[in-house]
Amino acid sequence: MRRFFRKRLPAFLLTLVMVMTMVPAVSARSSADIEYKVEAGETVSFDLSKFTDYYDENKDDNLSYLRFTDVTGLDSCGRLYAYDYSREEVGLDEDDLESAYFYVSRSDMSRDDYRLNGMNFLAGKRSNGETVDLAFQMRGDNGGKLTGILRIVIGKTSGSSKGDITYTVKPGEEVVFSDEDFSNAYDKAGGSGTMKYVVFEKPSSDYSNAGTVYSRYGKRNATSFTRSELDDYKFYYGDSDYGDYDLDELSFVADKSFSDSIEIAFTAYGGRGSKENDSVSGTLKITSSKSASSSKGDITYTVRAGEEVAFDDDDFEKIYENSSCTGSFKYVEFSRPDSAFNDAGTLYSRYGKRNETAFTRSSLSGNKFYYGDSDYGDYDLDELSFVADKSFSGSVELNFTVYGGTGTRTNQNVTGTLVITTDKTGSSTAKGDVTYTVKAGDEAVFDEDDFEKFYSNKCGGSFKYVEFSRPDSAFNNAGTLYSRYGKRNETAFTRSSLSGTTFGYDSYEDADYSLDDLSFVADKSFSGSVELNFTVYGGTGTRTNQNATGTLVITTGTSAGTSRYVGNIRYNTTPGTALQINANDIARLFRKYTSGEALQYLTLTSVPATGSLYYNYYNTSKYGSAQMPLTASTAGNVVFSYSPASASEYDLSELTYIPSGSNYCTSLGFTGYSSNGTTVSATILISVTASPVSEVYSVTTKGTSVNFPANSVYSAVASATGFGLSSIQLLELPASTAGVLYMGSYAADTTSAYSYGNGTDSMGQLRFIPNSKFTGSVSIPYVALSSSGTALGAGVVSIGVVDSVKKFTDISTSTWCYKYVTELASANVISGYSNGTFQEKNTITYGAALKLIMLAAGYGEQAPTVKGSTFSGYLAKAKADGLVSGNPKLNGPITRLQIAQIAAKALKLSTTGLPSKKPFTDTNDVYVQALNAAGIIEGYFSNGTSTYKPNNTLTRGQVSAIVWRMKNSVQ
C-alpha cells in the first residue's frame with residue numbers, strides 16, 4: 001500500500017481536536033509516556049526511536065507526524081530546538097508550538113513544518129528542579145491517532161540507589177521477583193510499620209523491546225502488563241486486601257534480543273495498622289546476563305562465508321553518543337588486526353563499485369574513516385564492508401577508536417571492538433537493506449516503499465529513483481529480474497543491462513522503468529540467497545544530489561523457519577465450486593487502509609497460478625464484455641469499476657474463480673484507486689480444499705490467557721484435506737487493542753512457520769494473552785503447510801474473550817451458532833428461556849429481533865411502555881428514531897427485509913455511494929444493499945444469480961449471527 005499522506009486536518013476536525021485538547025489532561029497524568037532528564041544549562045537530544053516505539057506499541061500503522069497540544073513550563077525553563085524544511089535549526093517557544101507539525105520523514109513536510117528527528121531542549125541555567133510537560137498528539141500514515149506526554153525533568157537525577165533492587169536474567173528467559181526484596185528495601189529506606197503494597201511507575205519505551213512483566217507466568221490466569229498497564233495496579237505483599245496482584249507472583253520474561261538493562265521506578269507503601277501513611281521510592285533494575293560478558297560500545301556483524309556485510313556508520317555514531325564524549329562524532333581509526341584477520345577476509349571501501357579499495361592489515365591502521373564530512377578522513381565510513389573468505393568460520397575482532405569534539409577539534413574519543421562472526425545457518429543482514437523471500441520457481445514482487453523508507457532514513461529531499469550495480473555471476477543461476485512480469489511490455493534484465501538502468505519511484509518520469517513494476521522470478525533450482533547492491537537517488541526539485549547505497553537480499557523460503565503467504569482478503573472454496581469475488585470485501589478493505597476513502601476502481605496486478613479467473617463467467621452481466629478469461633497477459637489491461645456507470649465499463653462484482661485440483665492456496669493481486677488518486681495494493685488468498693476447513697473456536701474469560709488450539713487446528717485441516725499438516729503460517733495477528741499472541745515469551749509473527757508437535761516454535765507454544773480490559777472476538781487466520789512448505793489450505797482460529805461464559809442446555813461447542821450465542825449472551829445482548837435453553841431453531845418474533853438489533857447498535861435497555869408487552873418500549877423508541885413505521889405485530893414473525901431495514905437504520909449506514917449494480921435480483925431496497933456492503937448480511941448465489949429472499953423469516957440462531965456481525969462492526 002502506498003502511503004496515505006495527511007498534511008492538515010479539515011476545519012471541523014481541527015476544531016474537534018482543539019476542543020478535546022482543552023481538557024487539562026497534563027495535570028491529571030501521574031507519569032509521562034516519554035521522559036528525559038537534563039541538568040540546568042545543558043542540552044538533551046530527543047531520540048526519534050522513543051517516539052516511534054511508543055507509537056508502534058499502540059498502533060498498527062507507522063508514525064507520520066506529531067504536534068504539541070498543551071505545553072506547561074517551556075518558556076520559563078528553556079527552549080526547544082528543531083530542524084525546519086531547509087535543515088536550519090530553529091528555536092521554538094510555547095506560541096510557536098501551537099501551530100507546529102513535526103514529521104518523521106522530510107518527504108512529508110511542507111515548508112512550514114519541522115523534523116521530529118534531531119529535536120533537542122536547552123534547559124535554562126536557573127531552572128534546576130523544574131519540569132516541562134508537553135502533551136502531544138500523534139498521527140499515523142494510515143490514519144492512526146495517539147496522544148501522550150513528553151516530560152523533561154531539569155536538574156533531577158535518576159533516583160537514589162536507596163531501596164534499589166537488581167535482578168539479572170538471560171535473554172529469552174524468566175526472572176522471578178521476590179516480595180521480600182521489596183520489603184527489605186522498604187525497611188532499609190526507613191519505611192515505618194509493615195510494607196503493604198508496591199506501585200510501579202510507567203516504564204520508559206525501552207521496556208517494549210526488553211521483555212514483559214507477568215503475574216503467574218506460564219500458569220492459570222497468567223496476566224501480562226504493557227507499559228501503559230503496569231502503573232494501573234497495586235501489587236500486594238502478603239494480604240490481598242491491599243492490592244490487585246500478588247507481588248510474589250510477578251516475574252519478568254526477557255525478549256530473546258534483550259542485551260542491556262532497564263529500570264522501573266516503584267513506590268512501596270506501608271505503615272502501621274490500616275493507615276497507608278508511609279512510602280518509599282526506589283528503582284528496580286533488570287540486567288541482561290549478556291551485558292556482563294561484552295564490553296561497552298561493541299559492534300557485531302554477522303556474515304556468511306564467502307559473502308559481504310556492509311558497515312553502518314550510525315552504529316559507530318551511537319557508541320560515541322553513548323559515551324561521555326561531547327561535541328559531534330567525526331571519524332574512526334582501526335588498530336592493526338592480528339594475523340587471524342588474513343584468513344578471515346578483506347575489508348573494502350566501495351566493494352564492487354568504482355574506486356574500490358582493499359585494505360591490508362598494515363594499510364587499515366593508517367587511515368581515517370569519516371562520518372558525514374570528508375574533511376575529517378580518507379574514506380567514507382558508510383562505504384566500508386567486510387567480504388568473508390569462503391573458508392571463514394568463527395569470528396574475528398577489530399579494535400577501533402571513535403573521535404569527535406566541537407568545531408575542528410577532535411579531542412574527544414572512545415574505544416571499542418568490532419566483532420565479525422559467521423552464521424552458517426542464516427543469511428547475513430545489514431541495517432537499511434531490503435530483504436525479500438521467495439520459493440524456488442516463484443516470483444517475489446518488489447515494493448517501492450521499502451526503498452523509499454531506506455532513502456528517508458539516510459537522505460534529505462524526495463526519493464526519485466534506484467540504480468542497481470552489476471550483480472556477480474551467481475545471479476545467473478539464481479533467477480531473473482523483470483519489469484511487468486507476465487504483463488504487457490514485460491522486460492527481462494541481464495546482469496549487464498540491469499546496471500545501466502534507472503527505476504523510478506512513484507511519479508518520477510525521468511527513469512527508464514517503474515520501481516513498483518519490478519519482481520524477481522527464482523530459478524526452480526534456486527537455494528540460499530543472492531544480493532543486489534543498489535544506490536537510491538533523490539533531492540529537491542529536479543536535483544538528484546542526495547544518494548545512499550544499500551543491499552537487496554533475495555533468499556529462498558525453504559528453511560523450516562520462514563513462510564511468505566499473504567492474504568489481506570481470504571476466501572475458501574472446494575473443487576468444482578465457482579468462487580465469486582465480493583466487491584464489497586475489497587471496498588471495505590480500501591476504506592480501512594485509507595481511513596474512509598471510497599474505492600472507485602481497481603486493476604489486477606497478478607492472477608492465480610492455479611485454477612482460472614474469469615470476467616462475466618456466467619455471461620449474464622450487462623457490463624463490459626461477454627465471458628472472458630483473465631490471464632497474466634490480459635488481466636492488467638482491464639479496469640474494474642466498483643460502481644459501473646455505463647455498459648462499456650467492467651463490473652468488479654463479476655470476477656469468478658474456477659478451482660483446478662484440490663488442497664492448495666493461490667492468490668490474486670490488485671491495486672485499488674480512489675477518485676483522488678489514493679491507491680491500495682493488496683492480495684486475495686484463495687484456499688481450495690476437498691471439503692471446507694472448519695473454524696476452530698475457543699472462549700476465555702476477560703484477562704485470562706488461552707493456549708492456541710493446535711490439536712483442533714490439525715484435526716480441522718486433516719478432515720478437510722485428508723492430509724496431516726506439518727506447520728502453519730499465521731496470516732494476521734490480533735489487534736494491539738485486543739491483546740498479544742505470544743510464541744513462548746516473545747510476540748508471534750506472520751513470517752515464521754510454527755510446527756505441529758513438540759519443540760521450539762511449535763503451535764502448542766502459541767498463547768493469546770488478552771488485554772486486561774478487552775472483551776470481544778479475535779480472529780487468527782492461518783495457512784496450513786505440508787512438510788515441504790507448500791500450502792494444504794487455509795483456515796481461521798477464533799477466540800471469544802467474555803466476561804463470563806453463559807451456558808444453554810441445548811447449545812454446545814458443535815452448534816453452528818455457538819460463537820455468536822456465547823459472546824452475545826456474555827454481553828447481555830441475548831438471553832435464553834427460563835428453562836435454560838436457547839432454542840436456536842425457533843422462528844424469532846418481531847419484538848425479540850427488534851430488541852437484539854437495537855442493543856447491538858448501542859441502544860440501552862428500554863422499559864415496557866404497554867403493560868404486559870415486553871418489547872413495547874423498544875418499539876416506541878424505534879418509531880421515535882425512525883427505525884420503524886406503522887404498527888408491526890411484536891409477537892409475529894419478522895422478515896429478512898424488515899431485519900435489514902431496521903439494522904441499517906440503527907447503525908446509521910449511509911445509503912449513498914453504493915454500487916450502481918444492485919447485489920440481489922429480488923430486491924432493490926437500499927437498506928438491504930447498505931447492510932450487504934457492510935458485510936453484515938449475505939444472499940443466496942446460484943449460477944450467476946444472487947437473491948436475498950426478503951420475505952423469508954429467520955430463526956433465533958440466524959438472527960444471532962446477524963446481530964453478532966452488527967455488534968462487531970460498531971466496536
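Quick caveat, the model's predicted, so the values are computed rather than measured.
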Side chains of [X] and [Y]: closer than 4.5 Å at any heavy-atom pair?
{"X": "Asn952", "Y": "Thr895", "value": "no"}
{"X": "Tyr874", "Y": "Leu890", "value": "no"}
{"X": "Ile799", "Y": "Ile780", "value": "yes"}
{"X": "Leu652", "Y": "Ile586", "value": "yes"}
{"X": "Val696", "Y": "Val796", "value": "no"}
{"X": "Tyr642", "Y": "Asn584", "value": "yes"}
{"X": "Tyr614", "Y": "Met628", "value": "no"}
{"X": "Glu823", "Y": "Trp964", "value": "yes"}

Next item on the list: Give a yes or no on whether Tyr927 atom OH has more than 12 heavy-atom contacts from other residues, nucleotides or ligands under 6.0 Å away.
Entry: no

Check: In this structure, are over 12 heavy atoms from other groups packed under 6.0 Å from Tyr617 atom OH?
Finding: no

Answer with yes or no whether the side chains of [Y] and [X] bring together a donor and an acceptor at under 3.5 Å.
{"X": "Thr921", "Y": "Thr947", "answer": "no"}
{"X": "Asp881", "Y": "Tyr859", "answer": "yes"}
{"X": "Tyr618", "Y": "Glu654", "answer": "no"}
{"X": "Ser798", "Y": "Glu695", "answer": "yes"}
{"X": "Lys918", "Y": "Gln929", "answer": "yes"}
{"X": "Asp585", "Y": "Tyr571", "answer": "yes"}
{"X": "Ser715", "Y": "Ser712", "answer": "no"}
{"X": "Thr945", "Y": "Ser942", "answer": "no"}
{"X": "Thr656", "Y": "Gln580", "answer": "yes"}

Does [X] reach the main-chain N or O of [Y] with its side chain, forming a donor-acceptor pair under 3.5 Å?
{"X": "Thr574", "Y": "Thr577", "value": "no"}
{"X": "Asn711", "Y": "Val713", "value": "no"}
{"X": "Asp925", "Y": "Val928", "value": "yes"}
{"X": "Asp810", "Y": "Phe838", "value": "yes"}
{"X": "Thr721", "Y": "Val717", "value": "yes"}
{"X": "Lys145", "Y": "Met138", "value": "no"}
{"X": "Asn572", "Y": "Pro692", "value": "no"}
{"X": "Ser687", "Y": "Gly793", "value": "no"}
{"X": "Thr815", "Y": "Ser812", "value": "yes"}
{"X": "Asn616", "Y": "Ser625", "value": "yes"}

Next item on the list: Any chance you could lay out the side-chain contact (heavy atoms from CB on, under 4.5 Å) test for Leu824 and Ser960, step after step, and finish with the verdict?
Entry: CA-CA 8 Å; Leu824 292 174; Ser960 73; 4.3 Å; yes

Quick one: side chains of residues 801-809, donor-acceptor pairs under 3.5 Å with protein atoms, not counting sequence neighbours, listed by atom name and distance.
unit_1	atom_1	unit_2	atom_2	d
Asp803	OD1	Lys702	NZ	3.4
Lys806	NZ	Ala825	O	3.4
Lys806	NZ	Asn828	OD1	2.7
Thr809	OG1	Gly836	O	3.4

Margin query: Less than 6.0 angstrom separating the ring centers of Tyr650 and Tyr615, yes or no?
Written below: yes

How long is the straight-line distance from [atom2] of [Y] back to [atom1] of [X], given to the nearest 0.5 Å?
{"X": "Ile899", "Y": "Ile936", "atom1": "CD1", "atom2": "CD1", "value": "12.0 Å"}
{"X": "Leu613", "Y": "Leu630", "atom1": "CG", "atom2": "CG", "value": "4.5 Å"}
{"X": "Ile894", "Y": "Leu954", "atom1": "CD1", "atom2": "CG", "value": "8.0 Å"}
{"X": "Ile811", "Y": "Lys819", "atom1": "CD1", "atom2": "NZ", "value": "14.5 Å"}
{"X": "Phe670", "Y": "Leu604", "atom1": "CZ", "atom2": "CG", "value": "9.5 Å"}
{"X": "Asn771", "Y": "Thr223", "atom1": "CG", "atom2": "OG1", "value": "11.0 Å"}

Checklist line | Full working for side-chain contact (heavy atoms from CB on, under 4.5 Å) between Tyr623 and Ser916 | finding: CA-CA 11 Å; Tyr623 297 103; Ser916 55; 4.0 Å; yes

Identify all side-chain donor-acceptor contacts of residues 840-858 below 3.5 Å with residues at least two apart in sequence or on another chain.
unit_1	atom_1	unit_2	atom_2	d
Glu840	OE1	Trp816	NE1	3.3
Asn842	ND2	Gln839	OE1	2.5
Thr845	OG1	Ala848	N	3.2

Which atom of [X] lies closest to which atom of [Y], heavy atoms considered:
{"X": "Asp61", "Y": "Gly144", "value": "OD2-N, 3.0 Å"}
{"X": "Thr683", "Y": "Ser667", "value": "CG2-CB, 3.7 Å"}
{"X": "Thr678", "Y": "Phe590", "value": "O-CZ, 3.5 Å"}
{"X": "Gly567", "Y": "Leu731", "value": "N-CD2, 4.1 Å"}
{"X": "Tyr565", "Y": "Cys665", "value": "CE2-CB, 4.5 Å"}
{"X": "Ser705", "Y": "Pro770", "value": "CA-CD, 4.0 Å"}

Next item on the list: Start with the C-alpha distance between Phe768 and Val778, add both sets of side-chain angles, then the distance that settles side-chain contact (heavy atoms from CB on, under 4.5 Å), and finish with yes or no.
Entry: CA-CA 10 Å; Phe768 175 67; Val778 173; 3.9 Å; yes

Notebook entry, point to check: Is the Lys NZ or Arg CZ of Arg896 less than 6.0 Å from the centre of Tyr948's six-membered ring, within 45° of the axis?
Noted result: yes

Next item on the list: Go through Ser641 and Glu649 one step at a time and tell me if the side-chain hydrogen bond (donor to acceptor under 3.5 Å, both in side chains) criterion holds.
Entry: CA-CA 7 Å; Ser641 296; Glu649 295 185 20; 2.9 Å; yes

Check: Charged N to carboxylate O below 4.0 Å: is that the case for Glu732 and Arg570?
Finding: yes

Item checked: Residue pairs involving residues 902-915 (criterion side-chain hydrogen bond (donor to acceptor under 3.5 Å, both in side chains); sequence neighbours excluded) -> Ser910-Thr912

Next item on the list: Please test Val740 against Leu733 for side-chain contact (heavy atoms from CB on, under 4.5 Å), starting from the C-alpha separation and ending with a verdict.
Entry: CA-CA 8 Å; Val740 179; Leu733 297 174; over 6 Å; no

Next item on the list: Assess whether side-chain hydrogen bond (donor to acceptor under 3.5 Å, both in side chains) is satisfied between Thr671 and Ser681, documenting all intermediate values.
Entry: CA-CA 4 Å; Thr671 298; Ser681 296; 3.0 Å; yes

